[in-house]
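Below: one structure, written as structure tokens.
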Amino acid sequence: MKTIYIFTNGTLIRKDNTLVLDTGEEKKHLPIENIRDLFVFSEVTLNKRLLEFLTKYGIAIHFFNHYGYYTGTYYPREHLNSGHLIVKQVECYIDPARRINLAKGFVTGAARNILHVIGYCRKSHDELQTIIENVKGFAEGIPKTKTIEGLMGIEGNIRDAYYSSFDPILSRKGFSYSGRSRRPPKTPLNSLISFGNMLMYSTLLTEIYKTHLDPRIGYLHATNFRRFTLNLDVSEIFKPIIVDRTIFSVIQNKEIVPEDFEESAQGLLMTEKAKRLFVQRYDEHLDATFHHRRVGKVSYRKVIRMELYKIEKHLIGDTEYEPFISQW
């Protein structure tokens with residue numbers, strides 16, 4: 001199955017058992033059985049009949065605006081909903097001790113994967129040792145903190161220290177790190193980080209849909225009335241090894257250069273050419289396989305699904321949750 005990224009304006013329609021993108025100049029036929037989800041970056045017209053078709057096959061559509069910002073998701077009616085598991089998710093959320101215990105798992109996984117990425121790069125950059133020590137120092141506070149706010153603060157400190165490693169790792173003119181800026185991103189590197197993170201959040205949302213979990217109930221990120229949060233929690237574990245490695249590769253291989261960004265009212269944003277290239281490399285990282293010590297050869301996309309199943313087992317009291325730690 002494939003994730004379909006749409007950058008061309010047109011109309012999405014159902015024709016028999018096929019999804020068709022009619023651009024006015026050509027019609028692209030997409031067999032429904034081969035589609036995992038859709039990421040729409042262009043102006044696309046669709047109708048209720050199409051949404052019913054996608055619902056039947058459990059396919060989510062993630063929408064991004066003209067500037068590449070995530071705007072929303074058509075999330076089909078949950079077909080794997082489990083009343084029992086939703087109750088367990090809520091029980092864990094409203095119990096402060098259980099909530100922070102699970103949230104610590106997400107931050108611990110993020111910190112260890114960050115250390116893994118920096119440690120790998122340290123082989124050719126001795127100056128990263130100080131940053132490694134800083135990240136380890138912040139991570140030592142994870143078991144001791146007693147509040148979600150304190151945990152969020154630690155996570156923020158870890159990530160700030162981590163991002164400071166991008167300069168020595170990348171060492172590319174035009175991609176220096178001068179602090180995190182989000183809306184709007186003020187530098188090419190911030191634009192890449194924001195775009196990559198949005199892809200990761202949407203990928204997690206699709207994978208959550210394939211499980212019994214409810215994406216609205218997160219633990220590190222507070223559940224509220226407006227958005228999904230569980231996908232934000234679990235993304236913390238995978239951003240260093242999927243998103244940031246994609247950023248490193250496109251910059252170090254000079255596939256994306258400073259000229260691939262343009263000023264706009266929404267900040268310094270990637271051109272369509274750069275977005276197309278980035279999603280291609282991002283997909284390749286997700287589908288890359290490695291040897292997992294328990295299940296053998298497996299893709300990172302499959303590992304994300306496995307991570308969600310581990311959370312399910314934790315919530316029903318079967319197995320204590322332990323985050324995925326990269327071993328490459």
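Model, not experiment: these values are computed from the prediction.
Thr246 pairs in a side-chain hydrogen bond (donor to acceptor under 3.5 Å, both in side chains) with only one of the listed residues (His285, Arg281, Gln280, Glu284), which is His285.
We find the CE-CZ distance between Met306 and Arg301 to be 15.0 Å, quoted to the nearest 0.5 Å. With values rounded to the nearest 0.5 angstrom, Ile169 atom CD1 is found 9.0 Å from Glu127 atom CD. Here CG of Leu213 is found 3.5 Å from OG1 of Thr211. Values are rounded to the nearest 0.5 Å. With values rounded to the nearest 0.5 angstrom, Glu307 atom CD is found 8.0 Å from Phe324 atom CZ. Annotation: the span from Leu151 atom CG to Leu220 atom CG amounts to 5.5 Å, rounded to 0.5 Å. In this structure, Ile158 CD1 and Asn134 CG are separated by 11.0 Å, a value rounded to the nearest 0.5 Å.
Under 3.5 Å, the side chains of Asn101 and Glu320 contain a donor-acceptor pair of N or O atoms. Using modelled atom types and a 3.5 Å distance limit, the side chains of Thr187 and Tyr177 yield no donor-acceptor pair. Residues Tyr162 and Asp244 have side chains that bring a donor and an acceptor to within less than 3.5 angstrom of each other. Side-chain atoms of Arg180 and Ser194 include a donor-acceptor pair closer than 3.5 Å. Thr203 and His62 form no side-chain donor-acceptor contact under 3.5 Å, judged by distance and modelled atom types alone.
Using a 4.0 Å cut-off between a side-chain N of Lys or Arg and a carboxylate O of Asp or Glu, Glu155 and Arg159 qualify as a salt bridge.
Two different hydrophobic clusters hold Phe63 and Tyr75 under the rule that ILVMFWY side chains link at heavy-atom gaps under 4.5 Å. Hydrophobic cluster membership is shared by Met200 and Phe64, with clusters built from Ile, Leu, Val, Met, Phe, Trp and Tyr side chains linked at under 4.5 angstrom. Residues Met152 and Tyr163 are members of one and the same hydrophobic cluster, defined by side-chain heavy-atom contacts under 4.5 angstrom among Ile, Leu, Val, Met, Phe, Trp and Tyr. Tyr201 and Val107 are assigned to two separate hydrophobic clusters, defined by single-linkage of ILVMFWY side chains at heavy-atom distances under 4.5 Å. A continuous path of hydrophobic side-chain contacts links Ile304 to Tyr282 [ILVMFWY only; heavy atoms under 4.5 Å].
Heavy-atom minimum distance, Phe138 versus Ile154: O-CG2, 3.4 Å.
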Between Phe195 and Phe278, does a ring pair (Phe, Tyr, Trp, His ring centres under 6.0 Å) hold up when you go through it step by step? CA-CA 9 Å; Phe195 187 71; Phe278 191 93; 5.7 Å; yes

Give the intermediate values and the outcome of ring pair (Phe, Tyr, Trp, His ring centres under 6.0 Å) for residues Phe41 and Tyr67. CA-CA 9 Å; Phe41 295 91; Tyr67 303 104; over 10 Å; no

CA sep, side-chain torsions, deciding dist, call: Ser181, Asn190, side-chain hydrogen bond (donor to acceptor under 3.5 Å, both in side chains): CA-CA 6 Å; Ser181 56; Asn190 273 296; 3.2 Å; yes

Evaluate salt bridge (charged side-chain N to carboxylate O under 4.0 Å, His left out) for Arg49 paired with Glu52, printing each intermediate quantity in order. CA-CA 5 Å; Arg49 185 166 179 262; Glu52 290 171 347; over 6 Å; no

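Annotation: side chain of Glu207 is in contact with side chain of Arg36 (closest heavy-atom distance under 4.5 Å).
By the neighbour-count criterion of 12 heavy atoms within 6.0 Å, atom CD of Glu322 is sparsely surrounded, having that number or fewer from other residues, nucleotides or ligands.
Under the 30°/60° scheme for interplanar angles, the aromatic rings of Phe290 and His292 are found to be tilted.
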